[in-house]
Amino acid sequence: DRLHAGVMPIYEPGLAELVASNVKAGRLSFSTDLAASIEGAAAIFIAVGTPSRRGDGHADLSFVHAVAEEVAANLKTPTVIVTKSTVPVGTGDEVERIIRASGTAAKFAAVSNPEFLREGAAISDFKRPDRIVIGADDEWARGVMQEVYRPLFLNRAPILFTSRRSAELIKYAANAFLATKITFINEMADLCEKVGADVQDVSRGIGLDNRIGSKFLHAGPGYGGSCFPKDTLALLKTAEDYDSPTRIVEAVVKVNETRKRAMGRKVIDAVTGYYGGGDVRGKRVALLGLTFKPNTDDMRDAPSIAIAQALQDAGAEVVAYDPEGMAMAAPMMPGVIMAKGTYEAIEGADATVLVTEWDAFRALDFARIKTIAKAPVLVDLRNVYDPADVKAHGFSYSSV
Ligand code: UGA
């Protein structure tokens, strides 16, 4: 009903407009009637969530299996069944088995087509992908998929055909590699702080080497979101199941987990450093940005959660503001006061912490902050500002 009314269940820039224009043009419709929806379809995309299974970190495949069963029960014409959800190696085999077990007479193939878009940039990432990966072991299915992606193909997006299992693993390997890159530069940032180097320069200095590449080398409070944390864990489970340890990814997961709370420690040090000792009991800390990255309202595994918790554990009062994430954040951060705006959050604060680099926080009014905050302390966990600039405004500034 909400989709019919044009209400999007998530915040993603441009999504509401895109959905509205395609509904209006008669190219897109929504239904809870699966049988009618799949009738005559050339391809069916399974695009449900695969969250971490409670307790063990395995991907929870119950939604994928449920869709496969419902599709199987209603399949009448030749159809390619495409798994878009992020699923462990071998899931395509299981989807195929489920459909075959239903005894359907219809010709079908189960194909893997992982998605590489980023939240907040989802539409442009989808339209202009670095590559399209299709894991299909069947010639007919490859042809159907090529036709589905023809518009992007005309945009010169490279299309890579692989086996189904390879495609499934490409998705996890890509996310684990990106998580590794981020974690690597985060550890370099820690080393920079110890030896008196600047990680922004180190990042540029290594990123300009084409073999390394400059992207995903931005140091910060640790990666979060609905993908890297759960996908790295799921990859470790697959590695364990197949007795083929991936020790680098194990280290990445551990380092990233401890980093989020360590950022709370960094804030505490900034406050006690400013006041020349003591602790943060009763001190007020303003967090700017709560979502795991800008341009989304997604709070899953956001570093802000661990940071707020660490500060509260140390006795601080935490106030926060996020342009889109507060409704999602409030139930996940008990005791955190949600402010109405940036400066409302900063009012009376002993420290202001830039947690998520929303554009709205990229040009803070330092003069105003100095008049309303209790102390001119800025902790910039995204290295948005130039240290010399902020210090020139009379701030005590720390960054990564
Ligand atoms: C990630 C991948 O980038 C997508 O390619 C993939 O399709 C998606 O997961 C998925 O599996 O669905 P996403 O989680 O939306 O996309 O966001 P990213 O832009 O990758 O950021 C993830 C986290 O890493 C954020 O917390 C971000 O702040 C952090 N990050 C990213 C850094 O700390 N430094 C960087 O240089 C880049």
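As the structure lists them, so they are numbered: ligands from 1, and atoms in each ligand from 1.
At a 4.0 Å cut-off, at least one heavy atom of I182 sits close enough to ligand 1 to count as contact. Residue-ligand proximity: K171 is placed with a non-hydrogen atom under 4.0 Å from ligand 1. In this structure, G220 has no heavy atom closer than 4.0 Å to ligand 1. Close to ligand 1: R382, with a non-hydrogen atom less than 4.0 angstrom away.
Residue E119 holds the heavy atom nearest to atom 15 (O) of ligand 1 of all those in K215, E119, K230, R300. Counting only non-hydrogen atoms, the option in G224, A219, G225, S85 that gets closest to atom 23 (C) of ligand 1 is G224. Counting heavy atoms only, K293 comes closest to atom 21 (O) of ligand 1 of the residues H218, R259, K293.
Electrostatic pairing of E240 and K237 counts as a salt bridge here, judged by a charged N lying under 4.0 Å from a carboxylate O. Look at D269 and R265 and you find a salt bridge, because one of the NZ, NE, NH1 or NH2 atoms lies within 4.0 Å of a carboxylate O, short of that distance. A salt bridge is defined here as a Lys NZ or Arg NE, NH1 or NH2 lying under 4.0 Å from an Asp or Glu carboxylate O, and K254 with E257 fails to meet this definition.
Nearest protein neighbour of atom 1 (C) of ligand 1, counting heavy atoms only, is F228 CE2, 3.6 Å. With respect to atom 12 (O) of ligand 1, the closest heavy atom belonging to the protein is C227 SG, 2.8 Å. The protein heavy-atom contact nearest to atom 37 (C) of ligand 1 is F216 CD2, 3.5 Å. For atom 14 (O) of ligand 1, the nearest non-hydrogen atom of the protein is F292 CE1, 3.6 Å. If you check which protein heavy atom lies closest to atom 3 (O) of ligand 1, you get R118 CG, 3.3 Å.
Per-residue contacts place F116 under 4.0 angstrom from the following atoms of ligand 1 (heavy atoms of the residue considered): 4 (C), 5 (O), 6 (C), 7 (O). Each of the following atoms of ligand 1 lies closer than 4.0 Å to a heavy atom of E115: 7 (O). Distances below 4.0 Å separate heavy atoms of D231 from the following atoms of ligand 1: 11 (O).
A donor atom on one side chain and an acceptor atom on the other are not found under 3.5 Å apart for D365 and Y343. Neither side chain, D33 nor S31, offers a donor N or O lying under 3.5 Å from an acceptor on the other.
For residues 205-246, the set of pairs meeting the ring-ring contact (aromatic ring centres under 6.0 Å, His included) definition, not counting sequence neighbours, comprises Y223-F228.
Contact annotation: for N175 versus ligand 1, heavy atoms closer than 4.0 Å belong to the side chain alone. At a heavy-atom distance under 4.0 Å, only backbone atoms of L117 (N, CA, C or O) approach ligand 1.
Applying the salt bridge (Lys or Arg N to Asp or Glu O under 4.0 Å) rule to E344 yields no partners; only residues at least two apart in sequence or on another chain are considered.
Between the side chain of E12 and the main chain of A122, a donor-acceptor pair closer than 3.5 Å is present.
For the pair K283 and Y275, the cation-pi criterion (under 6.0 Å, within 45° of the ring axis) is fulfilled.
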Test log, rule side-chain contact (heavy atoms from CB on, under 4.5 Å), inputs V355 and L290: CA-CA 7 Å; V355 184; L290 295 173; 6.0 Å; no
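Using cut-offs of 30° and 60° on the angle between ring planes, the pair F366 and H393 is tilted.
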